[in-house]
2 protein chains.
Amino acid sequence: MGEAERQGTVRERLLAAAIEKLAASGPEALQARPLAAEIGASTMAVYTHFGGMPQLLDEVTREGFARFEAGLARVERSDDTIADLLALGIAYRQFALDNQQLYRLMFGLTTPGTRRTKERDLTTAGSPTSLSEGISAFNHLVGAVTRAAESGRIAAADPVAVAGQIWSATHGYVLLEMTGVFGHEGHGLVRTLQPLIINLLVGLGDTRANIEASLARVFATSRRYHHISAPQRGRPSDAGTTATS
Amino acid sequence: MGEAERQGTVRERLLAAAIEKLAASGPEALQARPLAAEIGASTMAVYTHFGGMPQLLDEVTREGFARFEAGLARVERSDDTIADLLALGIAYRQFALDNQQLYRLMFGLTTPGTRRTKERDLTTAGSPTSLSEGISAFNHLVGAVTRAAESGRIAAADPVAVAGQIWSATHGYVLLEMTGVFGHEGHGLVRTLQPLIINLLVGLGDTRANIEASLARVFATSRRYHHISAPQRGRPSDAGTTATS
DNA sequence: CTTCCTCCTATAACGATGTTATGTATCGGT
DNA sequence: ACCGATACATAACATCGTTATAGGAGGAAG
């Protein structure tokens with residue numbers, strides 16, 4: 001393959017090659033020798049610049065959270081706080097699906113080759129809350145929740161806790177969608193994630209009509225997501241066509 | 001260490017040793033040579049009985065889903081359908097936290113040593129929906145949702161979709177809790193998972209008062225979870241104090 | 001009982017991994 | 001122009017999954 005990354009320091013080229021190879025061939029492909037060969041260096045480059053494969057992977061994780069944070073920061077805020085929250089969720093899912101392997105690695109879910117590493121602790125590894133980039137990304141969500149609460153749309157006495165709830169829901173959905181649980185089409189989005197967030201927001205105090213209006217506003221303003229079908233007005237949960245009780 | 005599992009076929013002892021070692025030392029410890037040595041056999045046993053490490057890991061995954069299904073089947077159903085749903089969620093979390101490494105492996109998230117395997121496809125690997133045991137486990141949730149809908153407590157025109165929503169929320173929370181996002185105490189449960197499910201159920205049509213009554217009923221009837229603090233009445237989401245594990 | 005066949009097993013080797021040791025070169029500062 | 005530090009390539013080591021090969025246990029048929 002073309003040994004790309006002709007510019008930048010050896011360290012930067014190694015990191016770029018690792019991220020590229022991760023997305024292309026999965027975590028198993030993150031190996032010292034092929035990576036070094038790809039940039040035209042020898043294996044030692046991994047050790048002089050990172051200290052070993054585990055540290056290189058930590059840097060990949062850090063870079064992943066930085067890109068994640070950048071992706072979330074790109075969603076502009078409006079005067080509709082719930083629409084902003086929904087847009088944030090869409091951006092979240094978009095990043096995760098566009099960078100599946102990276103997303104998994106970021107949350108410590110994939111354990112690449114390097115097993116020499118001594119007991120990579122599950123809790124304190126390269127976890128989101130232990131990385132400043134991860135905290136920064138989460139704070140986008142906390143901020144959106146805080147603004148939504150201040151606007152009176154939802155009740156969030158503890159914005160961090162509410163943000164954790166939304167994060168849990170989105171994170172879980174995204175991972176299940178990645179494993180193909182909801183089918184490989186876009187069904188899962190309108191059938192599961194969308195009603196999930198809507199129902200959660202209803203439970204937080206907003207009305208269903210207002211939420212759906214905000215959701216429509218998101219699709220209207222940002223044509224970046226026009227490939228996602230618009231929501232349908234109606235009752236509680238979702239796609240079903242039957243009448244209510 | 002003590003080469004346990006003196007009874008059973010070589011295949012069964014290998015599988016048992018693998019599950020034990022996984023829980024004790026993480027996925028990196030699932031290696032052919034140490035595993036075979038643990039039961040007093042040679043490395044070849046892995047290949048004559050499984051065909052290779054990937055197939056052995058697939059069997060571990062299958063066994064994990066079988067135990068998961070058994071754990072969910074153990075929750076008895078009452079005439080309070082929402083209480084049954086909540087009990088199911090508690091059992092779900094309990095299994096995940098009691099078998100963290102196994103849980104991660106089950107959902108195809110961990111990629112142990114074996115990288116020789118040719119491109120373990122993310123979507124079609126040992127995923128829940130591709131295993132009959134996994135489908136059976138998920139059906140417990142679908143059934144509980146269906147009964148809750150039939151009882152009129154929630155509106156679920158599409159029980160499978162609603163089950164997918166609840167699954168997403170619980171799955172995401174559990175994984176984030178496992179990585180230590182919500183702190184290493186039990187705070188996350190009452191501060192995040194409990195209000196998350198409550199808010200979701202409110203969005204699905206039930207009233208907050210009824211849900212909290214059902215939750216109290218769960219703690220009352222099943223003393224197996226008495227180490228989890230009871231819910232506090234009140235508004236949407238909030239924090240509270242909890243006990244240990 | 002003998003013979004043969006089939007499975008299971010142990011030993012040893014092969015390729016490839018992360019890592020380390022060692023010697024060499026290249027660069028920057030004084 | 002010298003010197004120290006840093007980066008580099010080569011080669012070796014231990015270990016991994018896997019495979020080839022030969023030996024042995026247990027039953028079925030003669």
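Letters go in sequence order (proteins before strands), and every chain restarts at 1.
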J.: Between C/dG18 atom P and A/Q55 atom CD, what is the distance in whole Å?
T.: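 Rounded to whole Å, this separation is 13 Å.
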J.: For the backbone of B/R191 and the side chain of B/Q194, can you confirm whether one donor and one acceptor N or O come within less than 3.5 Å of each other?
T.: no
J.: Counting only side-chain heavy atoms from C-beta out, which of D/dC16, D/dT18, C/dT19 sits nearest to B/P54?
T.: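 Of D/dC16, D/dT18, C/dT19, D/dT18 is nearest to the side chain of B/P54.
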J.: In whole angstroms, how far is the C1' atom of D/dT15 from the CG atom of B/L30?
T.: 16 Å
J.: Figure out the CG/C1' separation between A/L14 and D/dA7, and round it to whole Å.
T.: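 Distance, rounded to whole Å: 13 Å.
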J.: What is the distance, to the nearest angstrom, from the CE atom on B/M53 to the P atom on D/dT19?
T.: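 Between P of D/dT19 and CE of B/M53: 13 Å.
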J.: Rounding to a whole Å, what distance do you find between A/L35:CG and C/dT17:C1'?
T.: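 Rounding to the nearest Å, CG of A/L35 and C1' of C/dT17 are 13 Å apart.
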J.: Can you list everything that forms a side chain to side chain contact (heavy atoms under 4.5 Å, CB included) with B/A96? Sequence neighbours excluded, please.
T.: B/Y103, B/V174
J.: Holding to side chain to side chain contact (heavy atoms under 4.5 Å, CB included), I want the full list of residues that pass it with A/A148, two or more places apart in sequence or in another chain.
T.: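 A/A148 satisfies side chain to side chain contact (heavy atoms under 4.5 Å, CB included) with A/T81, A/I82, A/L85, A/I154 only.
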J.: Holding to side chain to side chain contact (heavy atoms under 4.5 Å, CB included), I want the full list of residues that pass it with B/N139, two or more places apart in sequence or in another chain.
T.: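 Applying side chain to side chain contact (heavy atoms under 4.5 Å, CB included) to B/N139 gives B/I135, B/V142.
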J.: Roughly how many Å is it from CD in B/Q31 to P in C/dG18, rounded to a whole number?
T.: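 After rounding, the gap between these two atoms is 14 Å.
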J.: Go through the structure and list residues passing ring-ring contact (aromatic ring centres under 6.0 Å, His included) with A/F138, not counting sequence neighbours.
T.: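 A/F138 satisfies ring-ring contact (aromatic ring centres under 6.0 Å, His included) with A/W167 once adjacent residues are dropped.
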J.: Not counting sequence neighbours, which residues clear side chain to side chain contact (heavy atoms under 4.5 Å, CB included) with A/L15? List them please.
T.: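 Residues passing side chain to side chain contact (heavy atoms under 4.5 Å, CB included) with A/L15: A/F50, A/E59, A/V60.
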J.: In whole Å, what is the span from the OH atom of A/Y47 to the P atom of C/dT17?
T.: 12 Å
J.: Output a table of donor-acceptor pairs, distance under 3.5 Å, between side-chain atoms of residues 63-72 of chain A and any protein atom two or more places apart or on a different chain; print 'none' if there are none.
T.:
from	atom 1	to	atom 2	distance (Å)
A/E63	OE2	A/R67	NE	3.1
A/E69	OE2	A/S136	OG	3.4
A/E69	OE2	A/H140	NE2	2.7

J.: Through what angle, rounded to 10 degrees, does the axis of the helix from C/dC1-D/dG30 to C/dT30-D/dA1 turn between its ends, using five pairs per end?
T.: 0°
J.: Can you list everything that forms a side chain to side chain donor-acceptor pair (under 3.5 Å) with A/N99? Sequence neighbours excluded, please.
T.: none
J.: Strictly under 3.5 Å: I want the nitrogen or oxygen pairs between protein and nucleotides 7-10 of chain C, one per line.
T.:
from	atom 1	to	atom 2	distance (Å)
C/dT9	OP2	B/H49	NE2	2.7
C/dA10	OP2	B/S42	N	2.7
C/dA10	OP2	B/S42	OG	3.2

J.: Please state how far atom CZ in A/R33 lies from atom P in C/dG18, giving the value in whole angstrom units.
T.: 7 Å
J.: Sub-3.5 Å donor-acceptor pair from the side chain of B/Y173 to the main-chain atoms of B/L189, do we have one?
T.: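 Answer holds: yes.
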